[in-house]
Structures are given as C-alpha cells and as structure tokens.
Amino acid sequence: MNTNFVVINKANELYDYSFRYILNSLKGKGNIFRNNLENELYELIHNIYRANINYDNERIRKKYQKEALVNLSTLDLIIGLIGKRRYVRIKRVHAFLNILNDEKKLLMEWINAK
C-alpha cells in the first residue's frame, strides 16, 4: 500500500466533508472561520503534494510533511472554535474531527516510513 496516496485521499475526503457539511453552513459572523478553514484545507493538500513530489529529497519531503501536520493542528483549532461558537451542529464537528484524526495517523505513518 502506498501511504502517500492514502494520505492524499483522506485529505480530499476531509475537504469534501467540510465543503458539504461545514463550509456551506458558515454564514454571517462565521465567514472568517469559513475563509480560514478553506485556506488551511487548501494548504494541507498543497503540502501533501509538495512532499509527494519531493520524494527523492528527504529533507524537503520531511519539511512539507511537517507543514501538513501544522495544517492539521490549525484545522483542529479552527473546527474547535466553530463548534464552541455553535456555528454548525456538534455532530458534524465530531465527524470532521474523526476524519482529521485519521488523517493525522496516516500522516504520522508516512513521516515515519523510510
């Protein structure tokens, strides 16, 4: 199994879920969270692709993998604030966090793989 493709697929699943159930629900005061969440999701996917493209340079690949971890942590913070302010249903926040945690595990496996 090629871990980097699994990581990319899970990131796409995270984006699809957030677009369908979270981003479209954020209106009015939630627009700031919508913009930040969407930007972090794009950056996550970009960093995963950057790491994948630089497979032959270990140092650069690790840099982008760690940047993707930062994106995941930031997404965790943003979705937590969205849930705290009750901009979306808490059930959707929990579902997002489940996908996010799966993505973190996959990313950590990819980072630790040689």
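Hydrogens, waters and symmetry mates are skipped; everything else that's a heavy atom, side chains included, is used. We count residues from 1, following the sequence as given.
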Within the 4.5 Å heavy-atom criterion, are T74 and E43 side-chain neighbours or not?
no
Any side-chain heavy-atom pair from N52 and V7 closer than 4.5 angstrom?
no
For D76 and K104: C-alpha separation, side-chain torsions, deciding distance, then whether side-chain contact (heavy atoms from CB on, under 4.5 Å) applies.
CA-CA 11 Å; D76 194 5; K104 273 186 190 178; 3.6 Å; yes
Quick one, I48 with W110, criterion side-chain contact (heavy atoms from CB on, under 4.5 Å). Give me CA distance, side-chain angles, the key distance, then yes/no.
CA-CA 10 Å; I48 292 169; W110 187 31; 4.1 Å; yes
In this structure, would [X] and [Y] fall into the same cluster of hydrophobic residues linked by side-chain contacts under 4.5 Å?
X    : Y   : value
I90  : I78 : yes
I53  : I8  : no
L107 : Y42 : yes
M108 : L75 : yes

What's the shortest heavy-atom distance between [X] and [Y], and which atoms?
X   : Y   : answer
S25 : R92 : OG-NH1, 3.9 Å
S18 : L41 : OG-CD1, 3.0 Å
L44 : A11 : CD2-CB, 4.2 Å
V93 : G83 : CG2-CA, 3.8 Å
A51 : Q65 : CB-CG, 3.8 Å

Got more than 12 heavy atoms from elsewhere within 6.0 Å of OH, Y21?
no
In terms of heavy-atom contacts, does CG of L77 have more than 12 from other residues, nucleotides or ligands at under 6.0 Å?
yes
Just how far is it from atom [atom1] of [X] to atom [atom2] of [Y], taken to the nearest 0.5 Å?
X    : Y   : atom1 : atom2 : value
E38  : L26 : CD    : CG    : 10.0 Å
K63  : R50 : NZ    : CZ    : 8.0 Å
E103 : N71 : CD    : CG    : 10.0 Å
N57  : R61 : CG    : CZ    : 9.5 Å
I79  : L37 : CD1   : CG    : 5.5 Å
D102 : K10 : CG    : NZ    : 4.5 Å

Mind running side-chain hydrogen bond (donor to acceptor under 3.5 Å, both in side chains) on R34 and N31 for me, showing each step along the way?
CA-CA 5 Å; R34 176 189 166 83; N31 272 341; 4.9 Å; no
State whether the side chain of [X] and the backbone N or O of [Y] hold a donor-acceptor pair below 3.5 Å, judged by distance alone.
X    : Y   : answer
N9   : F5  : yes
N101 : L97 : yes
K27  : N24 : yes

For N47 and V70, run side-chain contact (heavy atoms from CB on, under 4.5 Å): C-alpha distance rounded to whole Å, both residues' side-chain angles, the deciding distance at 0.1 Å, then the answer.
CA-CA 10 Å; N47 284 324; V70 170; over 6 Å; no
Mind checking whether Y49 and Y64 have ring centres under 6.0 Å apart?
no
From the options Y17, F33, Y87, select the one residue that forms a side-chain contact (heavy atoms from CB on, under 4.5 Å) with I22.
Y17
Would you sort out whether K62 and E58 count as a salt bridge (charged side-chain N to carboxylate O under 4.0 Å, His left out), showing the intermediate values?
CA-CA 6 Å; K62 291 278 187 201; E58 184 75 19; 3.7 Å; yes
